[in-house]
Amino acid sequence: MNERLLFTDALRALEQRALASLPAGTLMARAGAALARQVAKMARCQPRAQAIEVLVGAGNNGGDALSAAMRLHELGFAVTCRALTPDAPAAPDALQVHRRWLAQGGRLDSFASLPAALAHGAPDGPLVIDGLFGIGLTRALTGRLADLVDTLNRARATVVAVDVPSGLDADRGLAAGEPAGPAVRAHTTVTFIADKPGLHTGLGPELAGRVVLEDIGLGAEVGASAQAEALTAARAGASCAGARRHGRLLTAGWIASQAVPRRADSHKGSFGSVLVLGGAAGTRGAAYLAALAAQAGGAGKVWIASPEGDAFDPSYPQLMARPFAGDDRDAGVLAIGCGLGTSATARDRLSSVLGEARPCVLDADALNLMAAEPALIEALARRPGPAILTPHPLEAARLLGSSTAAVQSDRIAGACRLSALTGAIVALKGAGTVLAAPDGRWAINTTGSAALATGGTGDVLAGLVASLLAQGYEAWLAACLGVWLHGRAGDRWHHDHPQGAGLSALQLASLLPGAWPNARSEP
């Protein structure tokens with residue numbers, strides 16, 4: 001799986017440079033061939049007489065779909081092409097393909113008979129290529145277009161989207177438009193040149209399905225563009241408040257490449273120590289979950305300090321207790337907020353942590369306290385040591401003085417704004433967790449599912465990230481590794497429980513040691 005994610009404007013710039021340097025029609029021919037290759041693999045599981053329905057839009061996305069249809073026809077598959085409009089396309093490459101299809105006797109039917117075709121297809125439904133709209137769509141689909149998408153989504157059909165599912169915002173991962181319209185729900189998305197962030201966060205994962213990247217010969221250009229942007233950002237210094245145009249997709253292969261093997265002569269002092277500050281009355285379990293995750297994540301020693309007094313529990317003898325405001329200089333990393341409460345005692349301890357240089361992870365009530373007192377956010381921004389925030393969208397909105405809807409409307413921008421405001425690494429939780437750094441770096445996680453939608457799993461994440469900091473991983477890498485491993489542990493449970501309901505946070509913590517990827521067997 002390719003790890004580069006590009007915003008639409010960066011993709012357009014790469015595409016325009018390639019179009020200027022290649023013979024006319026080259027990129028569309030490559031895209032059509034790549035799409036046909038992927039669709040043919042799927043079509044071979046269907047009766048050969050079953051027509052592949054190809055929905056052809058008026059732009060280059062439709063040209064890619066029609067180019068694939070020509071190739072599939074040459075391979076012997078039955079193909080029915082339906083055009084969004086009877087007019088010839090205006091884009092030169094799409095127009096060339098359109099003329100070739102008609103010249104060889106191809107037809108472009110209307111959408112009027114599509115519902116009947118969808119209803120009378122193969123037992124598992126027909127195979128449909130969605131070539132209606134691509135990454136350039138910014139308006140909501142309405143009227144007959146909305147009806148068409150709704151018909152397709154209700155049908156028992158296997159949909160292959162061209163570049164992005166029609167109606168999906170390729171940058172933000174939500175349906176396009178204000179207010180948003182419908183978007184196609186695909187089984188597979190074949191995306192070109194580089195991967196798109198909107199396919200992997202927000203609604204993107206549900207709408208895009210399986211994502212297959214075909215770089216159509218521009219992989220080297222994508223890599224060079226990303227390297228040039230990183231170099232420019234490094235020269236500018238860590239002061240970029242906006243997201244870079246290139247991000248990273250967290251994949252098993254990349255995670256495995258970053259893991260540091262444990263030496264045979266290691267001891268508990270080799271892997272650092274974590275102090276969890278939290279666990280007020282009624283929420284003591286949150287601190288224990290964070291501490292258990294820190295231990296399961298590999299920290300050598302773990303303590304808990306509660307504002308309510310002694311936090312020792314003989315059920316967890318590996319976890320040690322500390323006074324809440326005592327001498328804890330031997331604790332290398334602090335995790336504060338899980339069940340902390342919002343008392344004056346909690347606020348004062350948070351303020352002291354923000355004045356230290358030790359690495360820290362801030363979650364839950366630590367975030368709520370900062371949102372209620374802007375001076376604490378300012379103290380965090382001035383903090384000399386590394387900090388990682390792990391907010392859910394509502395917590396992020398409170399810190400930004402915004403709304404949950406605004407944060408969710410552009411998750412990458414929201415995470416980057418919060419990182420710039422606080423000077424901390426941010427892991428904005430949710431479907432396709434977004435990570436952001438103050439210098440404009442960002443990444444999207446590929447693991448996790450609705451199985452994690454239960455109380456306490458965020459505490460597990462905070463403790464896990466703290467343990468990785470304690471083991472010597474720098475803050476950005478600790479956050480990336482922690483988010484990926486946390487989601488992967490949930491995925492392993494989900495694999496055995498397909499409904500995805502019933503995972504407890506305590507079970508999740510116990511699954512962390514087995515979540516590390518095998519570099520030799522995973523992509």
Side-chain angles (χ1 to χ4, degrees), residues 271-313 315-324 328 331-342 346 349-350 353 358-370 386-392 395 424-425 427 429 433 448 452 454-471 473 475 478-479 481-483 485-487 489-490 503-513 515:
F271 304 117
S273 57
V274 173
L275 172 60
V276 176
L277 294 159
T283 53
R284 182 67 61 91
Y288 274 101
L289 288 169
L292 287 167
Q295 183 259 318
K301 293 182 287 186
V302 182
W303 294 278
I304 298 177
S306 168
E308 303 295 330
D310 187 7
F312 179 73
D313 187 333
S315 300
Y316 306 110
Q318 73 273 37
L319 305 179
M320 300 171 283
R322 279 282 176 82
F324 190 66
D328 56 29
V333 174
L334 304 174
I336 182 167
C338 301
L340 180 67
T342 56
R349 191 68 178 93
L350 173 61
V353 168
R358 275 184 294 183
C360 71
V361 178
L362 299 106
D363 185 45
D365 284 332
L367 305 179
N368 293 330
L369 284 164
M370 289 192 296
I388 300 173
L389 311 184
T390 55
H392 55 58
E395 291 164 342
I425 304 297
K429 294 180 288 195
T433 291
L452 297 174
T454 186
T457 57
D459 304 312
V460 171
L461 175 62
L464 172 59
V465 172
S467 79
L468 294 165
L469 281 171
Q471 292 168 73
Y473 290 100
L481 289 171
V483 166
L485 292 167
H486 178 261
L503 173 65
S504 75
L506 188 60
Q507 287 174 300
L508 179 65
S510 71
L511 292 168
L512 292 176

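Between the side chains of Ser504 and Gln507, a donor-acceptor pair is found at a separation under 3.5 Å. Asp363 and Thr390 share a donor-acceptor pair across their side chains, judged by distance under 3.5 Å alone.
Using a 4.5 Å heavy-atom threshold, the side chains of Trp303 and Val274 count as separate. Between Val460 and His486 the shortest side-chain heavy-atom distance falls below 4.5 Å. Residues Leu275 and Val333 are not in side-chain contact: their nearest non-hydrogen atoms beyond the backbone lie 4.5 Å or more apart. In this structure, Lys429 and Leu452 have side chains that are not in contact, with every pair of non-hydrogen atoms separated by 4.5 Å or more. The shortest side-chain heavy-atom distance between Arg358 and Val353 does not fall under the 4.5 Å cut-off.
Residues meeting the side-chain hydrogen bond (donor to acceptor under 3.5 Å, both in side chains) test with Thr433, sequence neighbours left out: none.
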For a side-chain contact (heavy atoms from CB on, under 4.5 Å) check, start with the C-alpha distance between Asp313 and Leu319, then their side-chain angles and the critical distance, and finish with the verdict. CA-CA 8 Å; Asp313 187 333; Leu319 305 179; over 6 Å; no
Where do Leu369 and Leu340 land on the side-chain contact (heavy atoms from CB on, under 4.5 Å) test, with the steps shown first? CA-CA 10 Å; Leu369 284 164; Leu340 180 67; 4.0 Å; yes
Output, in order, the C-alpha distance, side-chain angles, deciding distance and verdict of side-chain contact (heavy atoms from CB on, under 4.5 Å) for Ile304 and Arg284. CA-CA 10 Å; Ile304 298 177; Arg284 182 67 61 91; 5.6 Å; no
Stepwise side-chain contact (heavy atoms from CB on, under 4.5 Å) test for Val276 and Ile336: CA-CA 6 Å; Val276 176; Ile336 182 167; over 6 Å; no
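Atoms CG and CG, on Leu461 and Leu289 in that order, are 12.0 Å from each other to the nearest 0.5 Å.
The pair Asp310-Arg322 does not meet the salt-bridge criterion, since no charged nitrogen lies less than 4.0 angstrom from a carboxylate oxygen. Using a 4.0 Å cut-off between charged nitrogen and carboxylate oxygen, Asp328 and Arg349 count as a salt-bridge pair.
Taking every heavy atom of both residues into account, Pro359 and Leu469 meet most closely at CB-CD1, 4.2 Å.
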